[in-house]
Asker: 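The structure is given below, and queries will be raised subsequently.
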2 protein chains.
Amino acid sequence: MSEKQEKSLRREILDTARQLLTTTGYARLSMRNIANKIGYSATSIYLYFDSKDDLVHALIDEGVELLGTRLAEANASATTPDARLEVMCRAYVSFGMERPEYYEIMYVLHPEYIKRYPAEKYRKARRNLEIMAVAIQDGIASGVFKDVEPMLAANLAWTQLHGVVTLLSSERVDKRIDPEELIDSACRHVVSSMRTWGEQAN
Amino acid sequence: MSEKQEKSLRREILDTARQLLTTTGYARLSMRNIANKIGYSATSIYLYFDSKDDLVHALIDEGVELLGTRLAEANASATTPDARLEVMCRAYVSFGMERPEYYEIMYVLHPEYIKRYPAEKYRKARRNLEIMAVAIQDGIASGVFKDVEPMLAANLAWTQLHGVVTLLSSERVDKRIDPEELIDSACRHVVSSMRTWGEQAN
DNA sequence: TACTTTAGGTTAACACTGTTAACCCTCGGA
DNA sequence: TCCGAGGGTTAACAGTGTTAACCTAAAGTA
């Protein structure tokens, strides 16, 4: 085991777990599976993580971080408020579709399956929503969006995007619906709903 | 066991499973748990169901049926196209929030955890979306909604509602957001997006 | 009446799961 | 020389879905 010392065992466990998550899904992610793949016993993992949940929480950290940088990049890539919000929406959906292994443990797994994500880390995850809220706030300030509570609007956008990601990647959407078209519609509608918020039928 | 003969064992298994699902969640729904609760051995369940998945599929049938009647009721309860669509949206969300035990197995559980829902039953589930598509179609015909592909629009509405239900009932939405307000916004925006679909920024 | 089949259940077992307790070995330091 | 500790192991427990083998009482049937 000495030839691997440049990579800490903790790091190796995390990488193997993520890889296993990608290839076989959370349902088949077991301590013994991880351990076998790197030539250690399952109980060795407990020297570096308190529990399986603890391990998964560490992976969630990575996912939150990655999503955060993607959203920040999107936020910086466009100038007008609506373009910025739309690009951020697309960034969120892309993350969810391209990294389902992260998305599943971050936002899909029922709290019954996995212990509550610790409160102090929860804040960092919430930061990602606040980035969107700021973009919305900017749109309001520049008069492009209706004057609406930014956090409520951000959460509404989130639910729309989350719905698209989960239904598409669990393959529950009818094959006859073009995924790209659905994603496109969702992102454009999120933006346009900021412009028309509260308008009544004529 | 003869005093229970008025209620078939199959029926009793289903009821107990649903009750267990409600009280303890899918994570703790086990064959032995079900069996213990009704005084049989776990393997007896296999006399009436091929597998645990098969049992859950039978529960999904019930859920699809129940959601269907709720949507149909909503569909019949209002007259104007926008009111009808909005009432149906609220009916969908209500179902998801009030019967999380059904909603979880129907639309949340990853296909990794549970075998694919059989194709022929899938059609019945899709019928529920078609009810919404018809309501949208009516709105288009009467000139209230923009001329859009009804199935695409119905799926977009579905993703929005599904996102609200799952994020709310997995308690991932910030406590400072009023759930009712979020649901309200979502339903109203689904309807208004049918009216403004495709309009560009000015 | 005697024999066989079948419906409806049981127990024991297998291969898994997360987790804990006990153990083992090899270093570093006093 | 002894001691402690770091880093790992094996054995075991209680739980999971599922299968194979068995058992028993009722129902046909010759």
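Letters A, B, ... mirror the listed sequences (proteins, then strands); counts begin at 1.
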Asker: Give the rounded distance in Å between these two atoms: CG of Leu20(B) and P of dG17(D).
Answerer: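 About 11 Å, once rounded to whole Å.
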Asker: To the closest 0.5 Å, what do you measure between CG (Leu47(B)) and CD1 (Ile13(B))?
Answerer: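 Reported to 0.5 Å precision, the distance equals 8.0 Å.
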Asker: Look at all strands and tell whether Thr43(B) reaches a base, only sugar-phosphate, or nothing, counting heavy atoms closer than 4.0 Å.
Answerer: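 Touches a base.
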Asker: Could you state the atom-to-atom distance from CD1 of Ile13(B) to P of dG17(D) in whole Å?
Answerer: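 Atom CD1 in Ile13(B) sits about 13 Å away from atom P in dG17(D).
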Asker: In whole Å, what is the span from the CG atom of Asp50(A) to the C1' atom of dG18(C)?
Answerer: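 Atom CG in Asp50(A) sits about 14 Å away from atom C1' in dG18(C).
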Asker: Side chains of Arg32(A) and Ser30(A) only: does a donor on one sit below 3.5 Å from an acceptor on the other?
Answerer: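 No, no side-chain donor-acceptor pair sits under 3.5 Å.
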Asker: To the nearest angstrom, how far is Ile38(A) atom CD1 from dG7(D) atom C1'?
Answerer: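 To the nearest whole Å, that distance equals 14 Å.
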Asker: In Å and rounded to the nearest 0.5 Å, what is the CZ to OG1 distance from Arg99(A) to Thr22(A)?
Answerer: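 Nearest 0.5 Å value for the CZ-OG1 distance: 6.5 Å.
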Asker: Can you confirm if the NZ or CZ of Lys52(B) lies within 45° of the ring axis of Tyr26(B) and under 6.0 Å from the centre of its six-membered ring?
Answerer: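 Yes, cation above the ring, under 6.0 Å and within 45°.
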Asker: Ignoring the backbone of Ser44(B), work out which of dT10(C), dG8(D), dG17(D) is nearest its side chain.
Answerer: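 Side chain of Ser44(B) sits closest to dT10(C).
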Asker: Side chain of His189(B), backbone of His189(A): donor and acceptor closer than 3.5 Å?
Answerer: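 No; judged by distance alone, with no hydrogens or angles, the pair does not exist.
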Asker: Tell me whether the rings of His162(B) and His162(A) are parallel (<30°), tilted (30 to 60°) or perpendicular (>60°).
Answerer: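 Rings of His162(B) and His162(A): parallel, as their planes differ by under 30°.
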Asker: What does Phe49(B) touch in the nucleic acid at a heavy-atom separation under 4.0 angstrom: a base, only the sugar-phosphate, or nothing?
Answerer: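 Counting heavy atoms under 4.0 Å across all strands, no contact is made by Phe49(B).
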Asker: Nearest-nucleotide wise, let me know which of Ala42(B) and Ser41(A) is further upstream toward the 5' end of DNA chain D.
Answerer: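 Looking at DNA chain D, the more 5' nearest nucleotide goes with Ser41(A).
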Asker: How close or far is atom P of dG7(D) from atom CZ of Arg10(A), stated in whole angstroms?
Answerer: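 Roughly 14 Å, once rounded to whole Å.
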Asker: Counting just side-chain N and O atoms, does Tyr48(B) come under 4.0 Å of either OP1 or OP2 of dG9(C)?
Answerer: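 Affirmative; the distance criterion is met.
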Asker: Give the residues of residues 27-34 of chain A touching DNA chain C, defined as any heavy atom closer than 4.0 Å, sorted by residue number.
Answerer: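 Only Leu29(A), Ser30(A), Met31(A), Arg32(A), Asn33(A) qualify.
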